[in-house]
Asker: 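Dropping the structure in here first, questions after.
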2 protein chains.
Amino acid sequence: MAEIPSKGERTKERIVQAALELFRRDGYEATTMRAVADAAGVSLGNAYYYFASKDLLLQAFYQEVHEAHAAAAVPVLERQKTLKARLLGVMRAKLEAIAPYRHFSALMFKSAADPKSPLSPFHPALATIRREGEQLFAEVLRGTRMPKDLAAELPALLWTYSMGIVLYWIHDDSPDSARTKKLIEHSVELVVGCIQLAANPLLRPLRRRTLQLLKDLQFGAAT
Amino acid sequence: MAEIPSKGERTKERIVQAALELFRRDGYEATTMRAVADAAGVSLGNAYYYFASKDLLLQAFYQEVHEAHAAAAVPVLERQKTLKARLLGVMRAKLEAIAPYRHFSALMFKSAADPKSPLSPFHPALATIRREGEQLFAEVLRGTRMPKDLAAELPALLWTYSMGIVLYWIHDDSPDSARTKKLIEHSVELVVGCIQLAANPLLRPLRRRTLQLLKDLQFGAAT
DNA sequence: GTCTATAACCGGATAGAC
DNA sequence: GTCTATCCGGTTATAGAC
């Protein structure tokens with residue numbers, strides 16, 4: 001840890017920073033690679049030496065947004081004790097964290113649609129970010145008693161749920177994202193209801209069957 | 001109806017046909033607008049006179065695929081009487097219809113992520129195709145007795161459900177899409193179970209509340 | 001006013017020299 | 001690692017033909 005950054009690493013960092021600033025100021029499409037290279041003080045070809053394509057520069061952005069979300073979630077998780085309040089708080093924090101970047105979130109879904117895109121959350125390059133996202137939801141569940149098998153799958157499920165909300169939000173043009181907020185309130189209630197239901201010992205057979213199905217459907221798994 | 005096509009219309013049709021053929025043969029990205037124009041026997045500028053952008057040419061593709069699905073669904077809907085068998089058959093037909101075009105389906109989701117894209121199913125230009133899709137699911141429901149309020153919302157919900165399946169399928173690299181098939185079998189059961197549950201008169205209050213929420217969340221509606 | 005063509009523009013990406 | 005020169009393809013400007 002804490003390596004001294006090599007020359008190449010410092011150049012790379014300069015490019016990322018230049019890109020982040022320009023993306024924020026002018027948007028992704030309006031920012032040309034030539035502008036990024038200029039702002040970073042390198043040639044166009046050199047920028048491509050570090051980032052094989054323009055959208056790889058976005059990865060840095062996603063990391064930033066995730067960190068903002070995680071930070072905003074900390075006080076919520078400290079204060080709230082019930083599952084419902086914790087999930088609600090974290091989802092609200094998520095909405096606030098991404099609010100300034102609707103456009104970039106849309107870009108993420110754009111690439112998520114393409115399994116081969118290096119920006120798909122299923123792509124190894126972004127697997128880390130996804131895992132960190134799931135980690136956050138694991139925190140949400142901390143303190144909620146439930147069967148082990150369920151606890152193992154829930155973080156990933158909740159992360160997927162949060163992505164669904166984001167997808168809705170991207171298309172939501174109601175003032176102040178009122179619709180999305182409403183959706184969050186209601187869906188959190190639903191989700192928590194389902195979790196509590198699923199935790200009920202009487203439903204163990206159904207739960208096991210469902211979890212098994214989910215596992216079978218996971219992309220990593222064997223057929 | 002049945003107008004005699006004007007000269008412009010015939011030119012437009014020639015361009016679409018050329019595009020369809022090249023897209024099929026070489027894929028979307030590998031097909032250049034110059035190649036399409038050449039194949040259609042028009043100049044590049046002329047092609048742009050009819051299609052303001054390359055991806056507008058894809059609309060024709062989606063229409064074709066939808067028609068193939070609708071056609072494949074006809075025998076299913078004639079033979080099958082139970083809701084479950086009808087839905088299952090139509091979903092299987094869907095998978096078969098899109099099978100040769102995984103790549104194009106991915107492209108659709110790519111644009112669906114961007115609310116402003118002319119290829120988003122929420123965009124007016126594609127609203128017709130979406131309505132036809134919902135219409136097909138309305139057919140699936142024909143013969144199933146259920147409350148009016150539920151019947152009004154279900155086609156759109158089922159269409160959304162089918163889109164979810166397609167999204168899964170795009171990422172599914174299991175042999176012969178085995179995973180997606182499994183998902184269809186299991187989720188159809190789940191969906192039908194939910195519908196039957198929702199139709200139960202005892203659950204009317206919950207159903208009404210849920211349907212109201214769904215309506216509120218619809219993008220067309222007032223806040 | 002409907003249609004067609006040619007020539008350019010622009011920006012992402014690559015080749016290859018140093 | 002860094003640069004310059006170039007390619008390539010989507011898109012636009014614009015002028016003329018019917």
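A note on names: the letters A, B, ... follow the listed sequences, proteins ahead of strands, and every chain is numbered from 1. When reading the values below, keep in mind they use all heavy atoms of this one structure, side chains included, and skip hydrogens, waters and symmetry mates.
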Asker: Using a cut-off of less than 4.0 Å, is there contact between a side-chain N or O of B:Tyr49 and OP1 or OP2 of C:dC3?
Answerer: yes

Asker: Determine: side-chain N/O of B:Asn46 to OP1/OP2 of C:dA5, distance under 4.0 Å, yes or no.
Answerer: yes

Asker: To the nearest Å, how far apart are B:Leu56 CG and D:dT12 P?
Answerer: 11 Å

Asker: In whole angstrom, give the distance that lies between atom CG of B:Leu44 and atom P of C:dA7.
Answerer: 12 Å

Asker: OP1 or OP2 of C:dT4 versus the side-chain N and O atoms of B:Tyr50: is any pair under 4.0 Å?
Answerer: yes

Asker: Run the numbers on A:Arg24 and A:Glu64 for salt bridge (charged side-chain N to carboxylate O under 4.0 Å, His left out), then give the verdict.
Answerer: CA-CA 12 Å; A:Arg24 242 188 283 265; A:Glu64 271 216 352; 3.5 Å; yes

Asker: Give the rounded distance in Å between these two atoms: CZ of A:Arg10 and P of D:dT2.
Answerer: 10 Å

Asker: Can you identify which nucleotide, out of D:dC3, D:dG10, D:dG1, has its nearest atom closest to the B:Arg34 side chain?
Answerer: D:dG10

Asker: Flag this pair as yes if the NZ/CZ of B:Lys12 is under 6.0 angstrom from the six-membered ring centre of B:Phe51 and inside a 45 degree cone about the axis; otherwise no.
Answerer: yes

Asker: Look at A:Thr11 and D:dT2 and indicate whether a side-chain polar atom (N or O) is within less than 4.0 Å of OP1 or OP2.
Answerer: yes

Asker: Does the ring center of A:Tyr28 lie less than 6.0 Å from the ring center of A:Phe104?
Answerer: no

Asker: Rounded to the nearest Å, what distance is computed from the CG atom of residue B:Leu22 to the P atom of nucleotide D:dG10?
Answerer: 12 Å

Asker: Between B:Arg179 and A:Asp216, does a salt bridge (charged side-chain N to carboxylate O under 4.0 Å, His left out) hold up when you go through it step by step?
Answerer: CA-CA 8 Å; B:Arg179 263 190 247 284; A:Asp216 289 350; over 6 Å; no

Asker: Of the options C:dA8, C:dG11, C:dC3, whose atoms approach the side-chain atoms of A:Thr32 most closely?
Answerer: C:dG11

Asker: Rounding to an integer number of Å, can you tell me how far B:Tyr48 OH sits from D:dT11 C1'?
Answerer: 5 Å

Asker: Pick base, sugar-phosphate or nothing for A:Gly45, based on heavy-atom distances below 4.0 Å to the nucleic acid.
Answerer: base

Asker: For the pair made of CE in B:Met33 and C1' in D:dT11, what is the distance, rounded to whole Å?
Answerer: 9 Å

Asker: Looking for any heavy atom pair under 4.0 Å, which part of the strands does A:Ser6 touch: base, sugar-phosphate only, or nothing?
Answerer: nothing

Asker: With heavy atoms under 4.0 Å as the rule, sort A:Ser43 into base, sugar-phosphate or nothing.
Answerer: base

Asker: Expressed as a whole number of angstroms, how long is the span from B:Lys54:NZ to D:dG9:P?
Answerer: 9 Å

Asker: How long is the straight-line distance from CG of A:Leu213 back to CD of A:Gln218, given to the nearest 0.5 Å?
Answerer: 10.5 Å

Asker: Atom CG of B:Asp55 and atom P of D:dG9: how far apart are they, to the nearest Å?
Answerer: 17 Å

